[in-house]
Every structure is written in C-alpha cells, then in structure tokens.
Amino acid sequence: MTERPSERQNGRQNDLQGAIARIGNTLSGVVVGQEPLVQELLVALLAGGHVILEGVPGTGKTLMVRALSRLIQADFGRIQLTPDILPSDISGTNVFDLTSRTFTLKKGPVFTQVLLADEINRTPPKTQSALLEAMEEQQVTLDGTSHPLPDLFWVVATQNPLEFEGTYPLPEAQLDRFLFKLVVGYPAPAAEKQMLLNAQGGFEAKRLDVGQLKPVVADKHILAARQAVKAIPVQETILDYLLALAHKTRQHADLELGTSPRATVQWLAASKAHAWINGQEFVTPDNVKAVAMPLLRHRLILAAEAQLDGLNCDRVIQGVLDSVAVPR
C-alpha cells in the first residue's frame with residue numbers, strides 16, 4: 001500500500017515531536033528539578049524567541065544552555081559580559097592585512113547558532129545594544145556591510161537578580177525583544193539530593209562537553225519544527241481571547257505599562273509552540289495561559305501604588321488571566 005503524502009507528513013511531525021520530548025527528558029536528567037523551566041526553554045526555542053534566564057549563581061543556567069545546544073548539534077558560543085566589553089568584542093571587526101593590503105572580517109562570538117550572554121546587565125548600554133540589534137535583525141553590520149547570522153541564531157541571556165551595584169538594567173524597549181523571562185529557582189530537596197547522588201557517581205558539569213551526552217537532532221530538525229509550529233491553526237475566538245488579555249494589561253489599574261503589539265504577536269507564536277510540543281493540532285486557551293507568565297513578567301511595569309502595596313508582576317498577570325472570560 002502506497003503511503004499518502006499527508007500520512008508521511010504526520011509521521012515526520014510525530015518523529016520531530018518525539019525527538020523534542022527526548023531532548024526535554026535528557027535536559028531534565030542533566031539539570032535536575034527544573035522540568036517546567038526545561039519545557040519553557042524548548043517552547044522559546046521552537047517559537048524562535050530569545051530568552052532571559054534570571055537566577056542566583058549555581059542554579060544550572062549555563063549548564064542547561066550548553067546541554068541543550070549539544071543535544072541539537074548547534075554551534076555554541078558564550079560571552080562573559082563585563083563593564084569593559086566593547087561592541088566589537090561581540091560582533092567582530094575588520095582587520096587590515098598588511099600582506100594582501102585588504103581588510104579581513106574577524107568574526108565575533110555572535111556568529112554562532114546558540115549564544116549564551118552571561119550577565120547581560122553587567123555590560124554598558126552601548127554593548128547591550130550591539131547584541132540586541134543582532135537579535136532583532138539577525139545580522140551584523142560592520143563598516144557598512146551586512147553579514148547575516150545563522151538561521152537558528154538564538155540568544156539566551158542570564159541575569160543575577162541579587163546584585164545591582166555596577167549593573168546596567170535593560171530598558172523596557174530592549175526587554176521587549178526577549179520572548180521569555182524565565183526565573184530559575186532553587187530545586188526541591190529531593191531534586192537537590194539527586195544532584196548530590198549524581199556528583200557522587202562521577203557527574204561533572206564542567207566536563208559535559210566530553211561526556212556521554214549524545215545529540216538527539218540536528219539544527220535542520222529544529223528549523224523544520226519551527227515551520228511546523230507556524231502551521232498550527234488558530235481559531236478566531238482564540239485570537240480574540242489573546243487580544244482581550246493584552247488590552248486588559250493596558251487598562252489595568254495596577255500597571256503603568258501594559259503589553260506591546262510586538263508582545264501580542266510573540267504571545268501567539270509561543271502559544272502555538274506550546275500546543276505543538278504537547279501534541280495538539282490547534283491552539284487552546286490553556287496554551288495561551290500557559291505561556292503568559294514568562295512572556296509578560298519582564299514587559300509590564302507596576303504602578304507606584306501597586307509596588308507600595310507589595311504586588312509583583314506575576315500576581316497581576318494571574319489576576320488578568322482570572323478576570324478575562326475563556327472562550328467556549
């Protein structure tokens with residue numbers, strides 16, 4: 001019996017979904033106790049959106065990104081951002097060759113597929129802007145010449161929420177270019193005990209690149225999964241629901257700044273990625289709500305009165321989700 005094209009396509013999609021599930025399971029085994037965070041990171045990857053990872057030192061942020069890049073066979077680059085880092089240290093520069101009397105491009109670490117920008121709030125705004133321009137336009141312009149970045153180009157930036165001295169917080173316009181802000185908390189006691197058992201058994205995070213972690217997919221499969229995510233259908237009632245939530249943030253008494261139109265478009269993309277990862281054929285209100293917290297928490301600004309009352313953005317977001325009627 002000849003296999004129909006639609007059956008072959010469904011088979012390939014099921015294979016992709018199975019591979020992404022295996023990546024999630026493997027990551028959860030490497031970074032113990034962070035299963036929800038792992039899924040949110042995969043949703044952002046498939047939606048094509050950049051991520052801020054915020055957490056205290058030693059919670060596995062760098063390990064998680066390194067492990068993920070290995071599992072998808074992606075080129076990995078890391079920038080340890082400090083106050084003395086210049087834009088050219090990220091994007092690269094044209095170097096004059098005395099022998100050939102020509103300029104040669106010396107590429108910076110931004111020319112990679114998965115880029116970890118460590119401590120992004122420790123580098124000055126001029127350097128932050130160089131990185132965020134590459135994120136937005138997926139290219140680097142040097143001396144008037146544009147150099148495209150890889151199709152998979154994906155940035156994960158980390159922040160330490162405890163230290164403010166000598167830092168340069170990202171302004172709202174630049175924060176809006178990140179799809180998610182993921183908060184990395186401490187693992188549960190049982191998970192932390194498993195970490196100790198893993199260490200006792202010989203696991204060393206710093207030797208992960210020469211360990212037994214085997215790639216699950218290639219970068220082309222991630223690009224194929226992104227196309228499958230874009231093809232997920234969305235009913236008009238879901239679009240209306242998403243818009244109602246967005247408008248609610250703009251009219252909320254506890255918020256000085258609501259969500260932007262760019263964020264609304266990204267909200268839809270993240271909802272579709274969440275639906276696809278969970279094997280759904282279409283987007284539901286549950287998918288929209290599932291990605292709301294990481295998508296909105298870095299975009300909303302609390303009113304002064306709300307801050308004095310002890311509110312935080314997560315509580316306001318939950319209140320918005322509870323106050324808007326879910327379509328039937």
Heavy-atom check, side chain of [X] versus side chain of [Y], under 4.5 Å:
{"X": "H50", "Y": "V156", "answer": "no"}
{"X": "Q17", "Y": "I277", "answer": "no"}
{"X": "L41", "Y": "F180", "answer": "no"}
{"X": "F76", "Y": "V65", "answer": "yes"}
{"X": "I222", "Y": "I20", "answer": "yes"}
{"X": "I72", "Y": "V216", "answer": "no"}
{"X": "Y168", "Y": "N121", "answer": "no"}
{"X": "I301", "Y": "L255", "answer": "no"}

Between T82 and D84, do the side chains contain an N or O donor and an N or O acceptor separated by less than 3.5 Å? yes

Could you tell me if T284 and N287 have a donor-acceptor pair between their side chains, going purely by distance under 3.5 Å? yes

Indicate, with yes or no, if L321 and V183 share a hydrophobic cluster defined by side-chain heavy-atom contacts under 4.5 Å among Ile, Leu, Val, Met, Phe, Trp and Tyr. no

Can V217 be reached from L223 by stepping across I, L, V, M, F, W or Y side chains whose heavy atoms are under 4.5 Å apart? yes

For [X], which residues count as a side-chain contact (heavy atoms from CB on, under 4.5 Å) partner, sequence neighbours excluded?
{"X": "A290", "answer": "H274"}
{"X": "A130", "answer": "P87"}
{"X": "T26", "answer": "L71, L213"}
{"X": "D118", "answer": "T62, R78, Q80, L116, T158"}

Before giving the answer on side-chain contact (heavy atoms from CB on, under 4.5 Å), spell out for R122 and N160 the whole-Å C-alpha distance, their side-chain angles and the decisive distance to 0.1 Å. CA-CA 9 Å; R122 285 199 170 279; N160 180 349; 5.6 Å; no

Show, in sequence, the C-alpha distance, side-chain angles and deciding distance for V114 and L68, and conclude whether the side-chain contact (heavy atoms from CB on, under 4.5 Å) test is met. CA-CA 9 Å; V114 176; L68 179 55; over 6 Å; no

Summary of salt bridge (charged side-chain N to carboxylate O under 4.0 Å, His left out) pairs that have at least one residue in residues 247-257, sequence neighbours excluded: none

Give the minimum heavy-atom separation between [X] and [Y], together with the two atoms involved.
{"X": "P285", "Y": "Y241", "value": "CB-CE2, 3.8 Å"}
{"X": "G77", "Y": "T112", "value": "N-OG1, 3.6 Å"}
{"X": "A246", "Y": "W267", "value": "N-CZ3, 4.2 Å"}
{"X": "K289", "Y": "V326", "value": "NZ-CG2, 4.1 Å"}
{"X": "L295", "Y": "A270", "value": "CD1-CB, 4.3 Å"}
{"X": "A303", "Y": "A253", "value": "CB-O, 4.1 Å"}

Just by modelled atom types, is the [Y] backbone N or O under 3.5 Å from a matching donor or acceptor in the [X] side chain?
{"X": "Q138", "Y": "P150", "value": "yes"}
{"X": "H247", "Y": "A244", "value": "no"}
{"X": "T127", "Y": "T123", "value": "no"}
{"X": "K272", "Y": "K230", "value": "yes"}
{"X": "N278", "Y": "A275", "value": "no"}

Side chain to side chain donor-acceptor pair (under 3.5 Å) partners of residues 170-183, not counting sequence neighbours, each pair once: E54-K181, S129-Q174, D176-S260, D176-R262, D176-R299

Contact list for residues 303-314, test side chain to side chain donor-acceptor pair (under 3.5 Å), sequence neighbours left out: R297-D314

So how far is it from [X] [atom1] to [Y] [atom2], rounded to the nearest 0.5 Å?
{"X": "L179", "Y": "W154", "atom1": "CG", "atom2": "CH2", "answer": "10.0 Å"}
{"X": "E133", "Y": "S91", "atom1": "CD", "atom2": "OG", "answer": "8.5 Å"}
{"X": "T259", "Y": "I317", "atom1": "OG1", "atom2": "CD1", "answer": "9.0 Å"}
{"X": "Q113", "Y": "Q73", "atom1": "CD", "atom2": "CD", "answer": "10.0 Å"}
{"X": "C313", "Y": "L302", "atom1": "SG", "atom2": "CG", "answer": "4.0 Å"}
{"X": "L27", "Y": "Q34", "atom1": "CG", "atom2": "CD", "answer": "11.0 Å"}

Can you list the other members of the hydrophobic cluster that holds V265, where links are side-chain heavy atoms under 4.5 angstrom apart? none

Should side-chain heavy atoms under 4.5 Å link Ile, Leu, Val, Met, Phe, Trp and Tyr, which residues sit in the same cluster as L142? I52, I79, L81, I85, I90, L105, V110, F111, L115, I120, L131, L132, M135, V140, L149, F153, V155, L170, L175, F178

For D75, what residues pass the salt bridge (Lys or Arg N to Asp or Glu O under 4.0 Å) criterion, not counting sequence neighbours? none

Acceptor/donor pairs from residues 186-193 side chains to any protein atom, 3.5 angstrom cut, sequence neighbours excluded:
none

In a table with atom names and distances, give each donor-acceptor pair under 3.5 Å that connects a side chain of residues 232-240 to protein atoms at least two apart or in another chain.
none

